[in-house]
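Structure record follows, encoded as structure tokens.
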There are 2 protein chains.
Amino acid sequence: MPPRHPPSNARPGRSRDERKSRTRRALLDAALEQMRGEHGFSDLSLREVAKSAGVVPAAFYRHFPSMEALGMVLVDESFATLRQTMRNLRTTRLPTKHVVRKSVETFLGYVQEHELHFRFIAKERYGGSTPIRMAIRQEVRLFTSELATDLARTPGTGKVSSGDLRLIAGLIVQTVSLATELVLDTDPGDLDAITQIVDDTDRQLRIVLAGASVWKSEGE
Amino acid sequence: MPPRHPPSNARPGRSRDERKSRTRRALLDAALEQMRGEHGFSDLSLREVAKSAGVVPAAFYRHFPSMEALGMVLVDESFATLRQTMRNLRTTRLPTKHVVRKSVETFLGYVQEHELHFRFIAKERYGGSTPIRMAIRQEVRLFTSELATDLARTPGTGKVSSGDLRLIAGLIVQTVSLATELVLDTDPGDLDAITQIVDDTDRQLRIVLAGASVWKSEGE
DNA sequence: TCCATTTGTCAACACCTGTTTACTAAACTT
DNA sequence: AAGTTTAGTAAACAGGTGTTGACAAATGGA
């Protein structure tokens with residue numbers, strides 16, 4: 001009798017580990033790609049992700065136990081690129097004159113480079129499933145703390161308590177978050193719109209910093 | 001032969017219009033209710049919403065042409081309660097001493113009262129389908145403008161351009177939005193946690209307002 | 001060289017999805 | 001009192017969903 005299964009298995013790429021991590025990446029990328037448009041993470045279907053990664057649905061389980069597990073990996077990945085972004089931003093020496101504007105410009109540039117990761121975070125930050133949302137919130141908290149200690153090192157923050165520094169850092173994070181979401185909803189070719197966003201965010205941050213500089217903790 | 005359809009149609013409530021708007025409400029409420037937990041709007045299924053409203057799936061179409069149409073109604077409803085909330089807040093005369101804190105307290109109180117509407121907006125603001133997201137963004141813009149003209153009427157904002165007033169209003173909206181989302185993720189019985197949120201938000205807003213008061217437009 | 005491991009395929013499963021059709025009975029209209 | 005409108009039902013449809021189990025073939029190690 002003829003073999004019940006016709007000759008299967010894709011072309012024989014290099015080593016086994018490499019092939020495995022290749023399709024794993026393909027699955028992750030397929031998921032990110034499908035979230036480019038309307039879909040949130042919970043709208044994705046395992047079958048479509050698998051198909052778009054060039055693999056049969058059942059193969060998905062060789063890499064992730066469930067869709068949500070894949071989601072958690074995306075959280076980690078996305079915040080890894082965010083941290084890398086911040087590290088780059090910190091090591092780049094900027095003119096002290098327009099620090100704020102240049103920082104915003106640079107940061108939003110990174111956002112456009114790593115569009116899909118930032119888009120993922122933006123979409124799942126409030127809308128996602130509880131475990132994913134909590135993971136994101138935790139990362140944002142951490143990130144805010146780091147920013148607060150950065151602020152503590154900058155001159156003129158002597159009179160501000162560390163608690164208030166955290167609140168100020170929160171304001172900054174929040175402001176930049178909105179800018180990020182606006183950028184993600186803007187055609188990258190529309191330079192005027194991007195400039196407008198940078199401009200507005202720069203001004204908002206300077207207003208916040210102005211407030212911080214006249215703020216004296218505790219004393220009302 | 002026996003009738004192919006057993007005696008149908010629910011108990012004979014009042015007038016026809018009233019019965020109609022009753023089930024219409026039931027559908028809207030069912031949708032909101034199902035979004036209490038994990039689900040975003042796009043996770044809802046017409047069938048489940050109908051069932052939970054005590055009606056057969058096909059009956060849904062007597063009230064809305066599609067799920068998305070129902071979603072748009074929810075946007076309208078939700079912002080109607082937001083506007084009502086702001087109207088109440090404006091007409092309530094508050095002690096000039098702790099205006100900010102009292103406003104925050106009151107607003108977040110309304111958020112808890114109309115939990116489901118605010119939860120809907122929070123979830124769909126960034127995650128939702130494009131038409132819904134755009135509708136929400138438009139409403140937030142409008143809302144920010146109103147706040148900006150409010151600010152223009154308060155003393156000490158003489159030197160600030162109307163464009164910058166809008167940016168300041170944006171900061172305030174953004175800050176209160178985050179507070180709203182935190183409240184929605186907090187057990188309403190946990191008074192300490194709520195107080196903490198009110199406290200932090202109050203301080204953040206006062207920092208922003210301090211920044212605004214020393215801000216002079218145009219001149220760097 | 002032979003055997004074990006592993007990454008993938010195929011096929012079937014039980015179920016849930018939105019939508020359409022034909023039908024009913026209560027509520028309104030005349 | 002007779003006729004029309006309408007909010008609702010029941011049943012079927014074509015198709016998509018996650019998950020499972022048995023099998024294949026290439027890779028890696030003995």
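Numbers restart at 1 for each chain; the letters A, B, ... are given by sequence-line order, proteins then strands.
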Mind calculating the distance between NZ (A/K51) and C1' (D/dG15) to the nearest angstrom? 12 Å
Those residues of residues 58-66 of chain B lying under 4.0 Å from DNA chain C by at least one heavy atom: B/A58, B/Y61
Distance check needed: D/dT17 P versus A/M67 CE, whole Å only. 10 Å
Could B/E139 and B/R125 be called an ion pair, given the rule that one side-chain N must be under 4.0 Å from one carboxylate O? no
Are B/D199 and B/R203 within salt-bridge range, i.e. N to O under 4.0 Å? no
Using the rule given for side-chain contact (heavy atoms from CB on, under 4.5 Å), can you reason through A/R24 versus A/V73, listing the C-alpha separation, both sets of side-chain angles and the distance that settles it, and then say yes or no? CA-CA 11 Å; A/R24 185 187 142 100; A/V73 173; 3.7 Å; yes
A/F79: which residues meet the ring-ring contact (aromatic ring centres under 6.0 Å, His included) condition with it, sequence neighbours left out? none
Pairwise distance OG1(B/T85) to CD(B/E113) - rounded to 0.5 angstrom: 8.0 Å
Scan residues 49-77 of chain B for pairs that pass salt bridge (Lys or Arg N to Asp or Glu O under 4.0 Å), counting only residues two or more places apart or in two chains. B/R25-B/E77
Rounded to the nearest Å, what distance is computed from the CG atom of residue B/D17 to the C1' atom of nucleotide D/dT5? 12 Å
Are the side chain of A/T23 and the backbone of A/A26 linked by a donor-acceptor contact shorter than 3.5 Å? no
Against the side chain of B/S15, the closest entry in D/dT19, C/dC28, D/dT9 is C/dC28
Would you mind reading off the distance between B/E18 atom CD and D/dA7 atom C1', rounded to a whole angstrom? 14 Å
What is the distance, to the nearest angstrom, from the CZ atom on A/R25 to the C1' atom on C/dT7? 18 Å
Are B/D200 and A/R166 close enough for a salt bridge, meaning some N to O gap below 4.0 Å? no
Stretch residues 41-48 of chain B: residues that reach within less than 4.0 Å of DNA chain C through a heavy atom: B/S45, B/L46, B/R47, B/E48
Which nucleotide in D/dG8, C/dT9, D/dT9 has an atom nearest any side-chain atom of B/T23: D/dG8
base_contact_polar (D/dT27 base, A/R19 side chain, donor-acceptor, <3.5 Å): no
Pair B/R36 + B/E115, salt bridge at N-O below 4.0 Å: yes
Watson-Crick or G-U stems of DNA chain D, 3 or more pairs, under 3.5 Å, by first number: C:5-16 with D:15-26, C:18-30 with D:1-13
For A/F60, ring-ring contact (aromatic ring centres under 6.0 Å, His included) partners two or more places apart: A/F64
Quick one: CE on B/M35 to CG on B/L116, what's the gap to the nearest 0.5 Å? 9.5 Å
